[in-house]
Amino acid sequence: MEHTSVKDLLNAASIGKTAIAKGWVRTKRGNKNVAFIALNDGSTIHNLQLVADPTKFDEETLKKITTGACIRAKGEVVASQGSGQATEMQVSELEVYGEADVDTYPLQKKGHTLEFLREIAHLRPRTNTFGAVLRIRHNMAFAIHKYFNDRGFFYLHSPIITGSDAEGAGEMFRVSVLDAENPPRNEEGKIDYTQDFFGKETNLTVSGQLEGELGAMALGKIYTFGPTFRAENSNTPRHLAEFWMIEPEMAFHDIVDNQDLAEDMLKYLINYALTNCKDDVEFLNNMYDKELLARLQSVVDKPFKRMTYTEAIDVLVPNKAKFEFDVEWGTDLQKEHENFLVSHFGGPVILTDYPKHIKAFYMKQNDDGKTVRAMDVLFPWIGEIIGGSQREENYDKLLQRMNEMHIPEKDLWWYLETRKFGTCPHAGFGLGFERLVLFVTGMSNIRDVIPFPRTPKNAEF
RNA sequence: UCCUUCUUAGCUCAGCUGGUUAGAGCACAUGACUGUUAAUCAUGGGGUCCCUGGUUCGAGCCCAGGAGAGGGAGCCA
């Protein structure tokens, strides 16, 4: 007889059936006459209440059933006499798969701080909070593939090890098999990477975008969804050294199409969570952030405010006195400025057409000679959840910009060739997956929305 | 990387002006209780006061250095 998930056993349709449940004990309580065991198997935030008559089981077995133990229970599913749940199981058989020593098992019935749970990341998925977060994370990943697949995008696997370090997106992690203690050196005394595995310097990718563009200029619409690595010494609740990024890239799309896609996708994903992860989102709403549900619904319902960088400066400058950092045309926006815009317009804001000198080399240059077709989507609290642009498709203009920004042509010859052979207008953006999950779950630290966070000085687990 | 706050029992935290044997709640154990909902009540065990050095008759408390964590900023997604 196969076991049934707790999720299914909690459904009223299970009443009257004899079934087997397997999972981990959350709590046990009771008295001489009756024992209640709350069982969770990860299929849902809710627990199955097992009801056992202590006189029918040997004392040793019951003693081993403690918080954290893994057990199998067989019994009849009945309508619950108590008020906390619709169904419960009247247990006839109990088997303990794995005990959890009460003196050393770190999880208790009572709540723990998120900081403490980070220190026991190997066990934290067993908590309600991380169960909810991880189920939502899965659903968001699935919904992303579904969204793009349903709209004719192809999933392109961009490389994780990259030979170009010219993308300029951040500090990189070197990939090498050379002896770190005693690396081979060339005549100049520098490390000789021609002897390394790939015969050149290689790093972990900081972005799949450039490869994504190659795919878009063949398949039309593609997206990447993979891990990304930044060796920045960033210690904030919004940065990870290893994170997942979604990067759609579309031929024949301009900056407006790009905004339309970004807004539609974000709304789709948030709505997907509201309909498919209702229990988990509600749990997080009740436990951590009472505004969560309302905020998610509001983002789905309202159009995003769209404006140019220049228009945003015009909004910000009259409020100069409120800011710590000066704001004028040409400066990059600080967090406080982004926050101001988001709260001023009461929701997400899409900014476009930034000054070219604060944006990447590949962005399409506007006719004014000053701005480029960049696009940032700013979200409440998160800040920049998406960064993207229409790309410069003109070979000469792209090359000129690369020279101005001292990006070596020889490293990106393959990228330049897309502009040489059958170039076309195209656009795309990058969405930080964890920032999306952060927003959807209402968690406040990005380390709590990825199973095993990688941050400066921390690669445990 | 910068600014700032913190580090005391398994967890969350008190700890007075530097002074005897470092406390509480929860967790855990034992007992009580005829259906509980993070059950309740009673009793009990449990400490490298982050580390190193210094000041002092005396340091959890003051000073210096270090480590780790949180929040804010920068970099960005």
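Owing to the predicted nature of the structure, the values given are computational and were not obtained by experimental measurement. So you know, we letter chains A, B, ... as the sequences are listed, proteins then strands, and number each from 1.
The side chain of A/Q108 lies closest to B/rG10, out of B/rG10, B/rC76, B/rG35. The side chain of A/T236 lies closest to B/rG74, out of B/rG70, B/rG74, B/rG35. Distances from the side chain of A/F36 to the nucleotides B/rG35, B/rG74, B/rA77 place B/rG35 closest. With distances taken from any side-chain atom of A/D103 to the nucleotides B/rG35, B/rC28, B/rG70, the minimum falls on B/rC28. Minimum atom distance to the side chain of A/R230 is reached by B/rC76, of the listed B/rU36, B/rC76, B/rG70. Checking B/rG74, B/rG35, B/rA29 against the side-chain heavy atoms of A/Q49 singles out B/rG35 as nearest. Nearest to the side-chain atoms of A/T27 among the listed nucleotides B/rG72, B/rA39, B/rC76 stands B/rA39.
A/I246 comes within 4.0 angstrom of no nucleic acid atom, judged by non-hydrogen atoms across all strands. Residue contacts shown for A/N445 are limited to sugar-phosphate atoms, with no base heavy atom under 4.0 Å away. Contacts of A/I385 with the nucleic acid, taken as non-hydrogen atoms under 4.0 Å apart, involve only primed sugar atoms and P, OP1 or OP2. As judged by a 4.0 angstrom heavy-atom cut-off over every strand, A/E384 is placed among residues touching the sugar-phosphate backbone only. Here A/T104 lies out of heavy-atom contact (under 4.0 Å) with every strand. Among the heavy atoms of the strands, none lies under 4.0 Å from A/E247. Across all strands, A/Q85 comes closer than 4.0 Å to base atoms (heavy-atom distances). Among the atoms of the strands shown, base atoms are found under 4.0 Å from some heavy atom of A/G30.
Distance check on atom P: B/rA42 versus B/rC6 gives 35 Å, rounded to whole Å. The separation of B/rU1 from B/rG53, taken at their C1' atoms, amounts to 28 Å, rounded to a whole angstrom. Comparing the same atom, P, in B/rA69 and in B/rA77 gives a spacing of 25 Å after rounding to whole Å. With both ends at atom C1', the span from B/rG65 to B/rC26 equals 36 Å, rounded to whole Å. Annotation: B/rU17 and B/rU56 have their C1' atoms spaced 15 Å apart (nearest Å). Only the C1' atoms considered, B/rA9 is 11 Å distant from B/rA24, to the nearest whole Å. To the nearest whole angstrom, the two P atoms, one in B/rU55 and one in B/rC61, are 15 Å apart. B/rG58 sits 16 Å from B/rA22 when the C1' atoms are compared, rounded to a whole Å.
Straight-line distance from the CZ atom of A/F116 to the C1' atom of B/rC6: 17 Å, rounded to whole Å. Atom CE in A/M172 sits about 14 Å away from atom C1' in B/rC76, given to the nearest Å. To the nearest angstrom, C1' of B/rG68 lies 12 Å from CG of A/N235. Rounded to a whole Å, the CZ atom of A/R26 is 22 Å from the P atom of B/rU36. Between A/N47 atom CG and B/rU36 atom P there is a gap of 18 Å when expressed in whole angstrom units. Taking atom CE of A/M443 as the reference point, atom C1' of B/rG71 lies 17 Å away to the nearest angstrom. Regarding A/H239, its NE2 atom lies at a distance of 11 Å from the P atom of B/rA73, rounded to whole Å. One interatomic measurement links the two molecules: CG of A/N233 to C1' of B/rC76, which rounds to 14 Å at whole-angstrom precision.
Dashed line: the shortest gap from a side-chain N or O of A/N31 to OP1 or OP2 of B/rC33 is not under 4.0 Å. A/R118 has a side-chain polar atom (N or O) that falls below the 4.0 Å cut-off from OP1 or OP2 of B/rG70. In terms of phosphate contacts, A/T113 brings a side-chain nitrogen or oxygen within less than 4.0 Å of OP1 or OP2 of B/rU12. Between A/K63 and B/rU30 there is a side-chain N or O to OP1 or OP2 distance below 4.0 Å. For A/R238, a side-chain nitrogen or oxygen approaches OP1 or OP2 of B/rA73 to under 4.0 Å. In this structure, A/K32 reaches the B/rC33 phosphate: one of its side-chain N or O atoms is under 4.0 Å from OP1 or OP2.
Under the Watson-Crick or G-U wobble criterion, with both distances below 3.5 Å, B/rC62 is paired with B/rG54. Both distances falling under 3.5 Å, in either a Watson-Crick or a G-U wobble arrangement, occur for no nucleotide opposite B/rG46. Pairing for B/rU7 goes to B/rA67, judged as Watson-Crick or G-U wobble with the two contacts each under 3.5 Å. Both distances falling under 3.5 Å, in either a Watson-Crick or a G-U wobble arrangement, occur for no nucleotide opposite B/rC16. B/rC2 and B/rG72 make up a base pair, with Watson-Crick or G-U wobble contacts both under 3.5 Å.
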Residues A/K359, A/D376; criterion salt bridge (charged side-chain N to carboxylate O under 4.0 Å, His left out); working and verdict: CA-CA 11 Å; A/K359 288 294 181 183; A/D376 282 3; 3.1 Å; yes

Audit row: A/D289, A/R295, salt bridge (charged side-chain N to carboxylate O under 4.0 Å, His left out) steps and yes/no: CA-CA 10 Å; A/D289 180 357; A/R295 188 163 62 244; 2.5 Å; yes

Salt bridge (charged side-chain N to carboxylate O under 4.0 Å, His left out) between A/E384 and A/R435, worked out: CA-CA 9 Å; A/E384 189 181 339; A/R435 290 192 179 172; 5.7 Å; no

Salt bridge (charged side-chain N to carboxylate O under 4.0 Å, His left out) assessment of A/E336 paired with A/K322: CA-CA 9 Å; A/E336 59 176 347; A/K322 294 173 187 162; over 6 Å; no

Verdict with supporting geometry, A/N258 and A/V256, side chain to side chain contact (heavy atoms under 4.5 Å, CB included): CA-CA 5 Å; A/N258 212 22; A/V256 176; over 6 Å; no

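A donor and an acceptor atom sit less than 3.5 Å apart, one in the side chain of A/Q90 and one in the base of B/rG35. You won't find any donor-acceptor pair under 3.5 Å spanning the side chain of A/S234 and the base of B/rC76, going by distance alone. Below the 3.5 angstrom threshold, one finds no donor paired with an acceptor across the side chain of A/R29 and the base of B/rA38. For A/E115 and B/rG71, a side-chain-to-base donor-acceptor distance below 3.5 Å is absent, hydrogens and geometry of angles not being considered.
Within the 4.5 Å cutoff, side-chain heavy atoms of A/Y268 are placed close to those of A/R151.
Remark: ring of A/F243 stacked against base of B/rA77; centroid gap under 5.5 Å, plane tilt under 30°.
The neighbour count for A/E311 CD, taken as heavy atoms of other residues, nucleotides or ligands under 6.0 Å away, is above 12. Within a 6.0 Å sphere centred on NZ of A/K7, heavy atoms belonging to other residues, nucleotides or ligands number 12 at most.
Counting only distance, with no hydrogens or angles, the side chain of A/Y155 and the backbone of A/F225 share a donor-acceptor pair below 3.5 Å.
Of all non-hydrogen atoms in A/E232 and A/E171, the two that sit nearest each other are OE2-N, 2.9 Å.
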